[in-house]
2 protein chains.
Amino acid sequence: MRVITIKDISKKCGVSPATVSKALNGYGDISEATRELIQKTAQEMHYLPNAAARQLKTNTSHNIGIVYVDQTGSGLAHEYFSGVIDSAKEEAEKSGYDITFISSSIGYGSYVEHCRYRKCDGVLIVSDDFMSRQVQELVNSEIPTVIIDYIFDGHSSVLSKNVDGSYALTKYLIGKGHRKIAFIHGETTSVTSKRLSGFYNACSEEGIKIPEDYMIEARYHDPSASAEATRKLMMLRTPPTAIMYPDDYSYLGGMMELERLNLSIPEDVSVVGFDGIHLSQVLRPKLTTYYQDAPKIGKISAKKLIHTIEHKKTSVAEELEIPGKLLIGGSVAQI
Amino acid sequence: MRVITIKDISKKCGVSPATVSKALNGYGDISEATRELIQKTAQEMHYLPNAAARQLKTNTSHNIGIVYVDQTGSGLAHEYFSGVIDSAKEEAEKSGYDITFISSSIGYGSYVEHCRYRKCDGVLIVSDDFMSRQVQELVNSEIPTVIIDYIFDGHSSVLSKNVDGSYALTKYLIGKGHRKIAFIHGETTSVTSKRLSGFYNACSEEGIKIPEDYMIEARYHDPSASAEATRKLMMLRTPPTAIMYPDDYSYLGGMMELERLNLSIPEDVSVVGFDGIHLSQVLRPKLTTYYQDAPKIGKISAKKLIHTIEHKKTSVAEELEIPGKLLIGGSVAQI
DNA sequence: CGATAGTTCGAAACCGATTTAGAATAAAAG
DNA sequence: CTTTTATTCTAAATCGGTTTCGAACTATCG
């Protein structure tokens with residue numbers, strides 16, 4: 001049998017299509033009796049609204065785009081981002097929104113155009129590269145956006161309590177007796193500057209002065225960049241006794257490099273990460289790191305985005321900070 | 001300014017909307033001159049077709065659904081599945097297909113209904129649970145499907161060369177002198193039976209008889225199931241010298257359990273996994289495992305699905321086997 | 001009882017494209 | 001110069017809903 005449309009129901013019920021539409025969409029000017037009849041009939045006939053028709057007329061798709069750009073090319077394999085996306089998806093679905101990936105812009109001029117073509121009601125931006133023209137253009141477009149792990153003025157962001165996280169890690173290291181602490185930090189972004197200030201706060205509280213060559217920039221999620229930074233650090237006249245990595249994934253590069261240099265963790269050098277992905281907890285020694293609550297971040301950002309979509313006028317931009325947790329492993333030695 | 005429609009272009013060019021549509025879609029009955037004019041104008045005006053309108057009329061969405069069910073609840077965090085999905089996405093986008101997640105059926109009766117509502121031209125099924133009614137229903141629907149890691153009669157599947165993989169692993173163990181090999185294998189599925197036959201082939205070639213209690217079923221991607229199985233195995237009067245795990249992720253459970261039992265790898269017991277996810281290669285010792293070419297699997301399945309969609313009548317169901325690779329780590333001892 | 005208000009419903013326009021069937025014109029043939 | 005054929009274009013229907021505005025009817029009120 002053909003696909004059931006609103007017209008089929010209207011015939012069966014002896015009412016007009018307009019009435020059916022209203023009955024199904026909870027309009028007030030339909031009597032209880034006909035509403036029930038129509039709903040029952042729709043059920044019986046396995047009626048399924050036509051998303052395209054609805055979208056065409058209402059100009060909303062109940063679709064959320066996810067822009068996920070991963071410069072390092074490891075795809076969805078980043079556990080942290082995967083976690084965020086996955087839980088955002090779940091949350092969105094609860095409100096009847098589906099997820100469409102806007103990762104690529106092939107065939108369209110840009111992300112914005114891709115979103116417009118698919119009429120995404122809103123977009124979640126999870127990216128490694130917020131500086132790209134395409135992302136900028138998207139953020140400045142008419143499409144509601146929520147941004148993960150980055151701050152754009154006048155837009156809502158969701159991120160971890162980065163200051164706290166990095167502060168906690170630093171404090172922990174200091175508590176273990178470390179004074180010569182190196183920080184391999186990510187490229188300059190709003191997140192990085194927060195982590196830096198957490199770091200400096202902790203240091204200055206303890207009266208510790210960090211030499212300049214202990215601070216090295218290395219791209220997030222890029223093990224080889226962190227490997228190189230690690231090498232540089234350990235080559236210094238006075239190498240650090242502890243290294244903070246931009247993230248757990250990057251730490252893998254450091255780990256390998258230390259292996260190559262025949263240095264063992266934590267005997268020769270202590271390390272901490274950031275993210276608390278599953279991976280970090282199965283390494284030996286277990287990595288001491290700051291857990292970012294990816295599920296919560298995803299959930300909150302979906303909620304915020306949907307709220308923004310559905311209350312365009314009243315909704316205001318917010319910067320939402322989600323608490324994480326210090327995970328203590330065995331990667332830091334007492335000295 | 002408003003969104004540009006085909007009508008705006010038609011006005012500007014002094015032709016009918018019909019002509020514009022045809023010019024833009026490569027119909028033959030349009031003169032070169034007008035076609036060029038129209039295309040240029042469309043460019044200039046930043047025309048973007050309305051996906052909904054097109055979909056409504058043509059009844060195709062250029063949208064591919066991905067059903068990803070993850071019973072274990074770890075979401076997209078499974079690196080293998082993430083890899084498959086990610087590369088399928090990339091491939092699909094090359095052909096102008098977008099990806100919509102059909103993971104949930106909340107708000108719809110079922111996956112099929114969800115797909116029908118969004119008018120997915122086809123569906124990629126990546127699941128932990130192919131026995132579920134919903135998946136069955138979807139596979140038996142009118143919607144073209146390609147299935148990852150499972151075989152449904154009359155449908156296309158893409159999977160690794162499981163027989164070879166498990167054969168290679170077993171052979172490797174035997175080559176290292178192992179005779180007492182236990183196999184913690186996944187639940188009964190087409191994939192599992194292939195892996196079992198690869199295993200038995202290798203064993204019988206070498207004249208090795210595996211006792212029944214060396215064969216334990218444990219759910220795929222369930223570390224705790226594998227942990228329990230590991231415990232059982234090591235409690236046997238004559239425990240195995242080597243254990244094969246259903247997959248790398250499950251191995252983590254085994255790893256922890258062996259740690260708890262104070263057994264070291266590979267000195268006390270040798271282990272191998274299956275999947276070759278990144279994780280397995282940063283563990284120490286590095287896990288010996290069979291790498292499944294997730295990117296290739298994703299790519300091929302997207303290709304096959306799109307081909308099926310675009311050549312419904314001529315396309316035939318295929319079972320595509322993608323070769324993987326034995327990754328030799330340090331988790332197997334010579335005895 | 002006529003006027004007014006309130007309920008319930010339907011006609012019709014509309015969203016933006018695609019596509020069929022045929023019109024108009026030009027070119028070729030007789 | 002008429003007829004045929006090819007070429008290029010358009011009118012109009014259509015996809016399946018939503019929504020406005022008014023019609024029809026019933027109930028309420030003075």
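Within every chain, numbering begins at 1; the chains are lettered A, B, ... in the order of the sequence lines, protein sequences first and strands thereafter. Computed from heavy atoms alone, side chains included, the values below leave out hydrogens, waters and symmetry copies. This one's a predicted model, so the numbers in the text were calculated from it and none came from an experiment.
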- [ ] For Lys303(A), check side chain to side chain donor-acceptor pair (under 3.5 Å) against everything at least two apart and list the hits.
- [x]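 Applying side chain to side chain donor-acceptor pair (under 3.5 Å) to Lys303(A) gives none.
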Open item on the list: At under 4.0 Å between heavy atoms, how does the protein contact nucleotides 17-25 of chain D? Give one character per nucleotide, 5' to 3', with B, S or -.
Closed with: BBBBB----
Whole angstrom value for the distance that separates [atom2] of [N] from [atom1] of [X]:
X: Glu32(B); N: dT8(D); atom1: CD; atom2: P; value: 9 Å
X: Leu56(B); N: dT19(C); atom1: CG; atom2: P; value: 12 Å
X: Lys11(B); N: dG16(C); atom1: NZ; atom2: C1'; value: 13 Å
X: Asn59(A); N: dA17(C); atom1: CG; atom2: C1'; value: 14 Å
X: Ile30(A); N: dG6(C); atom1: CD1; atom2: P; value: 19 Å

Task: NZ/NE/NH1/NH2 to OD/OE distance under 4.0 Å, Glu142(A) and Arg116(A) - done: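 Yes, charged N to carboxylate O under 4.0 Å.
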Task: Parallel, tilted or perpendicular: rings of Phe152(A) and Phe130(A) (30°, 60°) - done: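 Aromatic pair Phe130(A)/Phe152(A) classed perpendicular.
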Open item on the list: Just checking Phe81(B) against Tyr68(B), ring centres under 6.0 Å apart?
Closed with: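 Between Tyr68(B) and Phe81(B), which both carry aromatic rings, the centre distance is below 6.0 Å.
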Task: Main-chain N/O of Val123(B) paired to Thr145(B) side chain as donor or acceptor, under 3.5 Å - done: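 Pair absent, no side-chain N/O of Thr145(B) close to backbone of Val123(B).
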- [ ] Give the intermediate values and the outcome of side chain to side chain contact (heavy atoms under 4.5 Å, CB included) for residues Ile148(A) and Leu159(A).
- [x] CA-CA 6 Å; Ile148(A) 309 278; Leu159(A) 17 80; over 6 Å; no
Open item on the list: If the cut-off is 4.0 Å, is Thr34(B) near the phosphate of dT8(D), judged by side-chain N/O to OP1 or OP2?
Closed with: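 No, no such contact exists.
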